[in-house]
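Have a look at the structure below, then the notes.
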Amino acid sequence: MPSLSPNLCLPLPSHFHLKIMNSPNNKNNKNINQTSLSLHNKQNKFNSFNFKQLNKAISNLNLTQTQSATPTQTHNISLLLKSCIRTQNLQLGKLLHRKLTESQLELNSLLLNSLITLYSKCGDPQTALSIFQNMDKNKRNIVSYTSMISCFANNGMESKALLLFLELLLKDGLYPNEYCFTALIRSCSNSKFFEIGLALFGFVLKTGYFNSHVCVGCELIDMFVKGGGGCADLESAHMVFDKMREKNVVTWNLMITRLAQFGYHGDAIDLFLSMLVSSGCTPDRFTLTSIISVCAEIQFLSLGKELHSWVIRSGLAMDLCVGCSLVDMYAKCGLVQDSRKVFDGMSDHNVMSWTAIIAGYVRGGGGQEREALRLFSDMMLQGSVSPNCFTFSSVLKACASLPDFVFSEQVHGQTIKLDLSAVGCVGNGLVSVYARSGKMECACKCFDVLFEKNLISRNMVVDDASLKDLNLNSEQDLNRRIEYAGIGVSSFTYASLLSGAASIGRIGKGEQIHAMVVKTGFGTNQCANNALISMYSKCGNKEAALQVFNDMEDRNIITWTSIINGFAKHGFATKALELFYEMLETCVKPNDVTYIAVLSACSHVGLIDEAWKHFTSMRNNCGIVPRMEHYACMVDLLGRSGLLSEAIEFINSMPFDADALVWRTFLGSCRVHRNTELGEHAAKMILEREPHDPATYILLSNLYASEGRWYDVAAIRKRMKQKQITKETGSSWIEVENQVHKFYVGDTSHPKAQKIYEKLDELAVKIKNMGYVPNTDFVLHDVEDEQKEQYLFQHSEKLAVAFALISSTPKPKPIRIFKNLRVCGDCHMAMKYITMVTGREIVVRDANRFHHIKDGTCSCNDYW
DNA sequence: CTAGGGTTAG
């Protein structure tokens, strides 16, 4: 941490020290306060100006032909300019500017400076600069310089800000003031100029500018938060905060917000409490918004409610942002109804309040997705608010959970129209919507858009001329710069690309992204590596996942959880548990997700005692309260071991009502152990909770089929027809040479179909000789036996295997197949024989889990 | 005329 009085090391000219000594910065305090007070009043007066009024006022502005602007004219013009700035209306600002130019009125410093500010704040630094450059030398005062420095600082041209400051120091009669230092420190608030920022920090401490205005301190706090080398230094930020002589409500808000943004929720609440007790400042809309969001994050409902009543009592209930945070807080605390009440009571809505309530319903799940989509439709119909990527992220999640597809396609259209389909969370949402419906072509297309657009944006950034003058020495520098600027590639971009590739199993693309990660200097980035581990795991390549894991130096809980989960999903429980114990030794604390991985590892291989041990220890030793998912793992474990009545007892003893997931897990066990009676009960429970779940109907119908109860099978099919529930069409796909090949049952559309079927015939003969007997239980009963067998041998997963074998995939590599439904029992058996006759390893990812099939055995132990 | 703070997703 830097010392609070670092050495002064700025290369300042000698006369500068003198100037500072003479500068009357203490006397200024009073003036500043007065200025800002009167300014405040003026702002309020213009708050009520709408576009029309402002337009009219500008048009009616009387610019009589005097040589230079009179005090009254100056006053009026400056007020109008301020209104344009406040409303970010560059259009009207330009109109006013044009009128001034046309009138040939000679503009004084004040007006020219105001024009610089107008262009600066409306994102047009070039025009601001040209006004500054064309100003008469004798009109260019300290305010002009400060406005221009601030313009550079706020428009991503930090080096130019510093250079202009150096130029200012050489001007006789001009003295930098606290406004100027504030802008300078802001310029240094990125990693590149952090060192200069430290020097400025020392300087303002020595000269007393540090306490001359709260803004200087605020800017310093943010500088440390952004930190040197991209690493936040909250401790130093907090020290600056403590050291500030005067703090106003903004200062408190800033510190509270930054603590919250960096995940120090408890500290943020503590600071809020000391603000109440000892600051003498009254919390305002900003404070409440921030702290209510903290309550949402950590689900601190009691404080959240308290703050809600405060909001009402203090008359802030009509504030849009406060309302948004309340909507979000109630939703995140699980009280969607209360959230809705706040939402309905708001006088106005913006994209955030809509998104917050929609996300609330989506998060709640259990059929509430429909209400979320209804609200989304309302929002679109009203038309005053346009959805953004956050909105789509939630809406697409809702789409993925619903059977109707028309709506999803409309949403997809909207994302294209608004040019958001290549934004990470939107693109991934689209990919998973299509992937879940088995529309792999569409899923792949959406992914490719994501993949290519993100590549292009990176290339554009590299070509950007303004980055070239920054004198970057290495590619790492460039990336840090890009990441900081929030454009182009960041570790987040990679993470979202990787999760997209993983969800559709495109390992080839995943490998390409991996190469890009390394090439662009993110090879040691924790977030990118965590995403790589998940991607390789989800694509069935556990060796590559382990390789990434082993090469990582900096592992966090997500890293460990990802690798443990990877092995657990593949049925390698021993390795998963080994890693779990290794993790505990390195003193990384497991979280709730880690325990889901651990319990599912146990359940995949039937380690009952081990599972119970962890289930009790998670609560007792780690204070983690088991969630639905944890209970589901335990039900799975008991069910798999055939302890069906124990499983039912366990479900009944749960502290909350079991959801569809738990019952679906149980139904799976009933199917394997052929217990129709309990299975029917489980199915009934699921359909009570999710009446449109096609998977349940299928599972139940399979259960009846396995017992030969064809009458009941038919009844189920009829019911599905009545309810218009369609079974997902089974399909399998495989990636060969970066291209996805997809197959349906009996599919002959592939260009190499003839060769595929020849290979299948050849395989059939070979494996029958080894003892394979087709299991026709998996085919409809009213077909002749020979036909059944033929039908069976045209299952999509078998077609994919045959295609892999005739393709030139390198031999040592396993054949990786993906299936949208559960793999069929006969295919599973046949594949085991195929691994024996071909010596190849087959990895199948089905809807539920992974099957690593090698030398005639499968990692799932024939239980799935 | 020049300076600072808030909300939505994974």
Side-chain angles (χ1 to χ4, degrees), chain A residues 32 35-36 39 74-75 77-79 81-82 85 107-118 120-121 139 141-151 153-154 176-186 212-222 247-258 260-261 283-294 296 316 319-329 331-332 349-360 362-363 387-397 423-426 428-429 432 492 495-496 499 531:
Chain A
I32 288 165
T35 325
S36 55
L39 212 154
T74 305
H75 177 79
I77 299 167
S78 127
L79 284 185
L81 274 170
K82 212 188 278 273
I85 295 169
L107 301 181
N108 54 28
S109 301
L110 193 152
L111 289 176
L112 288 164
N113 293 342
S114 298
L115 281 168
I116 291 174
T117 307
L118 166 76
S120 160
K121 297 244 161 126
K139 285 187 187 164
N141 58 18
I142 180 61
V143 179
S144 324
Y145 273 90
T146 304
S147 305
M148 201 56 226
I149 289 171
S150 152
C151 172
N154 291 330
N177 57 18
E178 57 273 30
Y179 293 87
C180 195
F181 283 112
T182 309
L184 280 171
I185 295 167
R186 170 165 287 214
S212 69
H213 197 280
V214 274
C215 283
V216 179
C218 288
E219 215 51 80
L220 283 165
I221 289 174
D222 257 356
K247 302 190 212 6
N248 60 13
V249 60
V250 179
T251 326
W252 285 93
N253 289 345
L254 175 68
M255 199 62 221
I256 290 171
T257 310
R258 293 296 177 258
Q261 282 166 346
D284 61 6
R285 63 194 67 209
F286 292 92
T287 329
L288 285 161
T289 308
S290 289
I291 208 75
I292 290 169
S293 295
V294 170
L316 293 173
D319 185 83
L320 200 49
C321 283
V322 174
C324 287
S325 64
L326 282 169
V327 169
D328 188 48
M329 187 274 293
K332 285 207 174 120
H349 288 298
N350 63 6
V351 64
M352 288 191 185
S353 64
W354 281 106
T355 305
I357 188 70
I358 289 172
V362 176
R363 215 181 296 114
N388 63 15
C389 57
F390 301 119
T391 325
F392 281 121
S393 177
S394 287
V395 166
L396 287 166
K397 214 173 150 196
V423 174
C425 60
V426 179
N428 278 332
S432 73
F492 240 39
S496 89
S499 101

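Chain identifiers are assigned alphabetically (A, B, ...) following the order of the sequence lines, protein sequences preceding nucleic acid strands; residue numbering begins at 1 within each chain. Source: prediction; values computed, not measured.
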Heavy atoms only, 4.0 Å cut-off, all strands: where does [X] land among base, sugar-phosphate and nothing?
| X | result |
| --- | --- |
| A:Thr289 | base |
| A:Asn248 | base |
| A:Asn428 | nothing |
| A:Val322 | base |

[X] side-chain proximity, nearest of [options]:
| X | options | answer |
| --- | --- | --- |
| A:Cys215 | B:dG10, B:dT7, B:dA3 | B:dA3 |
| A:Thr257 | B:dG4, B:dG5, B:dT2 | B:dG5 |
| A:Cys321 | B:dA9, B:dT2, B:dG6 | B:dG6 |
| A:Ser150 | B:dA3, B:dG5, B:dA9 | B:dA3 |
| A:Ser293 | B:dT8, B:dT2, B:dA3 | B:dT8 |
| A:Asn388 | B:dC1, B:dG5, B:dT8 | B:dT8 |
| A:Val143 | B:dT7, B:dT8, B:dT2 | B:dT2 |
| A:Thr251 | B:dC1, B:dG4, B:dA9 | B:dG4 |
| A:Cys218 | B:dT7, B:dC1, B:dG4 | B:dG4 |
| A:His213 | B:dA3, B:dA9, B:dT8 | B:dA3 |

Is the phosphate of [N], meaning OP1 or OP2, less than 4.0 Å from a side-chain N or O of [X]?
| X | N | result |
| --- | --- | --- |
| A:Gln261 | B:dG6 | yes |
| A:Lys82 | B:dC1 | yes |
| A:Lys332 | B:dA9 | yes |

Is the ring of A:Phe286 stacked on the base of B:dG6, with centres less than 5.5 Å apart and planes under 30° off?
-> no
Under 5.5 Å and under 30°: A:Tyr179 stacked on B:dT2 = yes
Determine whether the side chains of [X] and [Y] contain a donor N or O and an acceptor N or O closer than 3.5 Å.
| X | Y | result |
| --- | --- | --- |
| A:Thr391 | A:Thr355 | yes |
| A:Ser290 | A:Thr257 | yes |
| A:Ser147 | A:Asn113 | no |
| A:Asn108 | A:Thr74 | yes |

Please identify each residue that fulfils ring pair (Phe, Tyr, Trp, His ring centres under 6.0 Å) with A:Trp252, with sequence neighbours left out.
-> A:Phe241
Expressed in angstrom and rounded to an integer, what is the separation of [X] atom [atom1] from [N] atom [atom2]?
| X | N | atom1 | atom2 | answer |
| --- | --- | --- | --- | --- |
| A:Leu326 | B:dT8 | CG | P | 12 Å |
| A:Leu316 | B:dG6 | CG | P | 17 Å |
| A:Leu112 | B:dC1 | CG | P | 15 Å |
| A:Arg285 | B:dG5 | CZ | P | 16 Å |
| A:Leu320 | B:dG5 | CG | P | 19 Å |
| A:Ile221 | B:dG4 | CD1 | C1' | 9 Å |
| A:Lys397 | B:dG10 | NZ | C1' | 8 Å |
| A:Lys121 | B:dT2 | NZ | C1' | 8 Å |

Give a yes or no on this: more than 12 heavy atoms of other residues, nucleotides or ligands lie within 6.0 Å of atom CZ of A:Arg285.
-> no
Classify the side chain of [X] versus the base of [N] as yes if they form a donor-acceptor pair under 3.5 Å and no if they do not.
| X | N | answer |
| --- | --- | --- |
| A:Ser290 | B:dG6 | no |
| A:Asp284 | B:dG6 | no |
| A:Asp319 | B:dG6 | yes |

Out of curiosity, A:Glu178 CD to A:His213 NE2, how far, rounded to the nearest 0.5 Å?
-> 7.0 Å
